[in-house]
Amino acid sequence: MEAERQKWAHRAAHPLCAQTCRFKRALFLILLFFPGCAIIRPPRDGGIRYRGLTQEQIRSVQILPVDYEIEYICRGNRVIVGPKVRKCLPNGTWTDMTQHSRCSKKPDVSLRCKKKLYIGALFPMSGGWPGGQACMPSAQMALDLVNNRSDILPDYELELIHYDSMCDPGEATKLLYDLLYTEPIKIVLMPGCSGVSTLVAEAARMWNLIVLSYGSSSPALSNRQRFPTFFRTHPSATLHNPTRVQLFQKWKWTRIATIQQTTEVFTSTLDDLEQRVKEAGIEISVRQSFLTDPAVAVKNLKRQDARIIVGLFYETEARKFCNDLVFKEKLYGKKYVWFLIGWYADNWFKIKDPAINCTVENMTEAVEGHVTTEIVMLNPETVRGVSNMTSQEFLAALMSRLGGKNPEETGGFQEAPLAYDAVWALALALNKTVAPLKAKGRRLEDFNYNNHDITSEIYRALNTSSFEGVSGQVVFDAQGSRMAMTLIEQLQGGSYKKIGYYDSSQKNLSWFGNDVWIGAGPPADRTVVIEEYRFLSQKLFASVSVFAGLGILLGIVCLTFNIYNGNVRYIQNSQPYLNNMTAVGCMMALAAVFPLGIDGHHVHRSQFPVVCQFRLWLLGLGFSLAYGSMFTKIWWVHTLFTKKDEKKEKKKQHLEPWKLYATVGVLLAIDFLSLMIWQIVDPLHITVEKFTKEAPKEDLDVLIQPLLEHCNSEKMNTWLGVVYGYKGLLLLLGIFLAYETKSVSTEKINDHRAVGMAIYNVAVLCLITAPVTMILSSQQDASFGFASLAIVFSVYITLVVLFVPKMRRLITRGEWQSEQQDTLKTGSSTNNNDEEKSRQLERENRELQKIIQEKEERVSALRNQLAERQALRNRRRPSTGQNQNHNAPPPSSQPDPKSLLLPPGYPNPTTDNHSLPPSFSNSSNLYPADSKMSRNHCHNSQIPLLYK
């Protein structure tokens, strides 16, 4: 107190203030409305009432802050004559210094007839908010006190005409019609619920009526263009939002959910909250609304993992939430916090409702720990306001009027002080208009629905109202809304406990520190999600790497063998340079297995795109070299040796090696250019695939978010379609060419059958593995296993089929010399094709000998039969025939040689008809002596015999 006196004395150091800011009247009351300056002198005939101070403290104060106002109030039946309020000006003087203020005897008005002014009120006695149950007795109590005051509207008496709106705009429409079109004329309207106030306030301007609400909190009512004559002693619902945001930040929540009833008051409140949380960096993850049944909305909250939930709905709908909906969905407990509106009755969750199946115990369990924010509606300080009552005295008087009814079961008990102060604000405003209207030659009783001047005076008086009420300081802002602090409460053990206050105008949070939580502390605003990357199995990677390493060693051995024996004719006839390319391509493909298995477990995320490039280039170029060289062989074999017979010899003589190398170069260039364009236009980068969250068994409030890194590009599917389509066509064409040339033999490419077998295996493995790996791309182990094993098996099969037979031949036959040494040593050609031809001709010769022997036996049998028939014919010839034909030559005992001639091409037997002619004793006699006979060219002399 002494410190305050020193501060005020310092601020009132102006000499004029010390000399002139004095007054001679001793009986006054100093009210702290605005900052100011006043010098206090002890009264001679009365006490001093000063907010928050005793009389002894007042007497000790000589200097007050600059620009304060003082108001004179006389005791008893005396009234003020002259200015009632004086204000200290900045120059140290008081206002109205030329006029004296004095107390005079109150005139006798007992014989004066008071005129009645009627107030039309709508009190919701039932419905979503039955606030009229306590607000109507409170308003009636204020009217009685005002009508008994001789200093406030001494010539008038206020009378309340009220109806039950049931908090229903439809019902309120009918009642508003009755109020407006039924005598007497109402000078002011006083609705309660926000929905009803919206309807009444929007229509009231058409009848030049002032609307003063005691229970409307809709932010939409702050729109002065839509509601130009609206005032309310209940602060706007948006006043809750700064408090909510402050609590979100205090408990470090950055993600909330909202659910609202689809009414204008809650929709506009939520719109304001959404704007405020956005500015504070808080996310509204899900926003649900409902009309009457919140079942679907609650299920969506559960599905979206809502934890911090702001609920905006009336009391009856709140009980539906605590019904089997929330209880069934389990949206309560240590993991959830509900923010509800604070103007419900204190025992709202214990009220019996036939539409609710839950027991009181179930509902109490479901709402335990929820937080409410409500406007401070009862002055926490023990101060006598304009009605000469403290807040505690008001509560006692209200309880008396309620007849001892339980406040927790009385709707609107918390808002009752607002209704009480609304009547006082209206009475004081009307009292202020008496003098201005009198100066204009008008009176309050002259009001009608067409009189705009009286409405303007009442509006001006309400807009400048400022007094101390039982709900605190009553001041209206520019939108006609009440300014107030916010009370924060939490339901603890079935009853509400105050845990703090928040002053949004000063941004000051007064925290008591007595908040209680079901768990260890405030819950998390979402399920804690732990990101966990999926990596390739190291055992699988190590196993495949061993096989790939061994395959690379095998490729080196095969390449070395092929280079070392490049001068051997057998190796030369297999196109060794193409085989070298195949071996190099196989080793590059095997080397691609290592980057295929490298992931975030081995390299940093920033280096992963480089690994992706190695995968693509090694596998692409390796395939082009290995498969391209084999495809080139089979292509040229098909081109040269499957033509028509007349073109064969000419084609055989024009197979030049550079054509083979050029074909491989073209295939390699196509792959190189396509990969280069891919990397320039749409380079590979790392992408992360998210999987369904998994809940660990040890902690239900934690989820594991599996992640998998992929090498990807913006148009990955397009590029893969182009590459796979081109490679697939090559594989299918290779299978076709290998099938077409399976029976072709040529000296130029002696291993084309082995190449065809390798192409079969590679094509089948690739055509199966490519789509399978695309399908299993989300399963890192399976995808890597299929791709890597397909590469390993393809390479192993190719190397074994192409090189192992060559090694075996050279080792078993000792053909390690050059072509000249090999010729001198063997004395004959070692060409594989000639030997095969020789063996085939020998088999054919043996078959021909057997056929000829069978034919000779048949010919001998036929000759014997012919001889027997001829001999029998000769014996049957009669002797007379000989006499008649005496001129004829004598018959010969031997058959006619011409009759015994064999068909052309048959050999002429000489001795034994049953023995093999000497000409067939040696197979070489079947062929001309001067030339060789191929397997498809038999001697012309044998054709009739073989096919007769």
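For the single chain, residues carry numbers from 1 onward in sequence order. Since this is a predicted model, take the numbers as computed values, not measurements.
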Heavy atoms of other groups near Phe784 CZ, more than 12 under 6.0 Å = yes
OH on Tyr577 to OG1 on Thr582, rounded to 0.5 Å | 14.5 Å
Nearest-0.5 Å distance, CG of residue Leu841 to CZ of residue Arg846 | 11.0 Å
Name all residues meeting the salt bridge (charged side-chain N to carboxylate O under 4.0 Å, His left out) criterion together with Arg534; count only those two or more places apart in sequence or in a different chain, and write none if there are none.
-> Glu694
For Pro576, which residues count as a side-chain contact (heavy atoms from CB on, under 4.5 Å) partner, sequence neighbours excluded?
-> Asn562, Ile571
Among pairs that include at least one residue of residues 791-802, which meet side-chain hydrogen bond (donor to acceptor under 3.5 Å, both in side chains), considering only residues two or more places apart or in two chains?
-> none
Side-chain donor-acceptor contact under 3.5 Å, Arg873 with Gln870 = yes
Looking only at heavy atoms, the pair that brings Ala790 and Thr769 closest together is CB-OG1, 3.2 Å
Nearest 0.5 Å please: distance from the CG atom of Leu673 over to the CE atom of Met676.
-> 8.0 Å
Would you say Leu802 and Val755 make side-chain contact, with heavy atoms under 4.5 Å?
-> yes
Measure the shortest side-chain to side-chain distance between Ile598 and Phe614 over non-hydrogen atoms and say whether it is less than 4.5 angstrom.
-> no
Side-chain donor or acceptor of Gln538 paired with backbone N/O of Leu536 under 3.5 Å = yes
So salt bridge (charged side-chain N to carboxylate O under 4.0 Å, His left out) across residues 616-636, not counting sequence neighbours, yields Lys633-Asp751
Would you please name every residue forming a side chain to side chain donor-acceptor pair (under 3.5 Å) with Trp617, sequence neighbours left out?
-> none
Between Leu720 and Trp678, is a side-chain contact (heavy atoms from CB on, under 4.5 Å) present by the stated rule, with each step listed?
-> CA-CA 10 Å; Leu720 287 179; Trp678 184 354; 4.2 Å; yes
Could you tell me the separation between the CG atom of Leu765 and the CD1 atom of Ile797, rounded to the nearest 0.5 Å?
-> 5.5 Å
Considering only heavy atoms from C-beta outward, does the side chain of Met630 approach that of Ile634 to under 4.5 Å?
-> no
Quick one: which residue pairs count as a salt bridge (charged side-chain N to carboxylate O under 4.0 Å, His left out) with a foot in residues 609-627, not counting sequence neighbours?
-> none
Could I get the full list of side-chain contact (heavy atoms from CB on, under 4.5 Å) partners for Tyr726, not counting sequence neighbours?
-> Leu667, Ile670, Asp671, Leu730
Rounded to the nearest 0.5 Å, the CD atom of Glu868 sits from the CD atom of Gln865 at a distance of 7.0 Å
Indicate yes or no: at least one non-hydrogen side-chain atom of Cys612 is less than 4.5 angstrom from one of Ile686.
-> no
How far apart are the closest heavy atoms of Ser788 and Val593, and which atoms are they?
-> CB-CG1, 4.0 Å
Full working for side-chain contact (heavy atoms from CB on, under 4.5 Å) between Phe535 and Leu708 | CA-CA 7 Å; Phe535 297 121; Leu708 183 61; over 6 Å; no
In residues 540-561, what donor-acceptor pairs under 3.5 Å come from side-chain atoms, sequence neighbours left out?
residue	atom	partner	partner atom	Å
Ser543	OG	Lys539	O	2.8
Ser545	OG	Phe541	O	2.6
Thr560	OG1	Ile556	O	2.8

Heavy-atom side-chain proximity of Lys850 to Glu854 below 4.5 angstrom = yes
Leu616 and Leu684: side-chain contact (heavy atoms from CB on, under 4.5 Å), yes or no, with the steps?
-> CA-CA 9 Å; Leu616 183 63; Leu684 290 175; 3.9 Å; yes
Sequence neighbours left out, what pairs pass side-chain hydrogen bond (donor to acceptor under 3.5 Å, both in side chains) with at least one residue falling in residues 661-670?
-> Trp636-Thr663
If you measure from CD on Gln575 to OG on Ser629, what distance do you get to the nearest 0.5 Å?
-> 11.5 Å
Does the pair Leu733 and Trp635 meet the rule for a side-chain contact (heavy atoms from CB on, under 4.5 Å), with working shown?
-> CA-CA 9 Å; Leu733 184 58; Trp635 169 266; 4.3 Å; yes
For the residue pair Asp682 and Lys715, what are the closest heavy atoms and their distance?
-> OD2-N, 2.7 Å
Take atom CE of Met716 as the centre, draw a 6.0 Å sphere, and report whether it contains more than 12 heavy atoms from other residues, nucleotides or ligands.
-> yes
Hey, does Met581 have a side-chain heavy atom less than 4.5 Å from the side chain of Leu578?
-> yes
Looking just at side-chain N and O atoms, do Thr773 and Ser783 make a donor-acceptor pair shorter than 3.5 Å?
-> no
Could you check if a side-chain atom of Glu689 sits within less than 4.5 angstrom of a side-chain atom of Phe691, using non-hydrogen atoms only?
-> yes
Minimum side-chain heavy-atom gap Phe736-Leu731 below 4.5 Å | no
Can you pull the salt bridge (charged side-chain N to carboxylate O under 4.0 Å, His left out) pairs that have at least one residue in residues 791-801, sequence neighbours excluded?
-> none
Over all heavy atoms of both residues, which pair between Ala738 and Tyr760 is shortest? Give the atoms and the distance, please.
-> C-OH, 3.4 Å
Residues Cys586 and Val795: closest non-hydrogen pair is CB-CG1, 3.5 Å
Any residue meeting disulfide bond (SG atoms under 2.5 Å apart) with Cys766, in chain and number order, not counting sequence neighbours | none
Under the side-chain contact (heavy atoms from CB on, under 4.5 Å) test, residues paired with Ala782 that sit two or more places apart | Leu776, Gln779
Nearest heavy-atom contact between Gly734 and Tyr627 is CA-OH, 3.5 Å
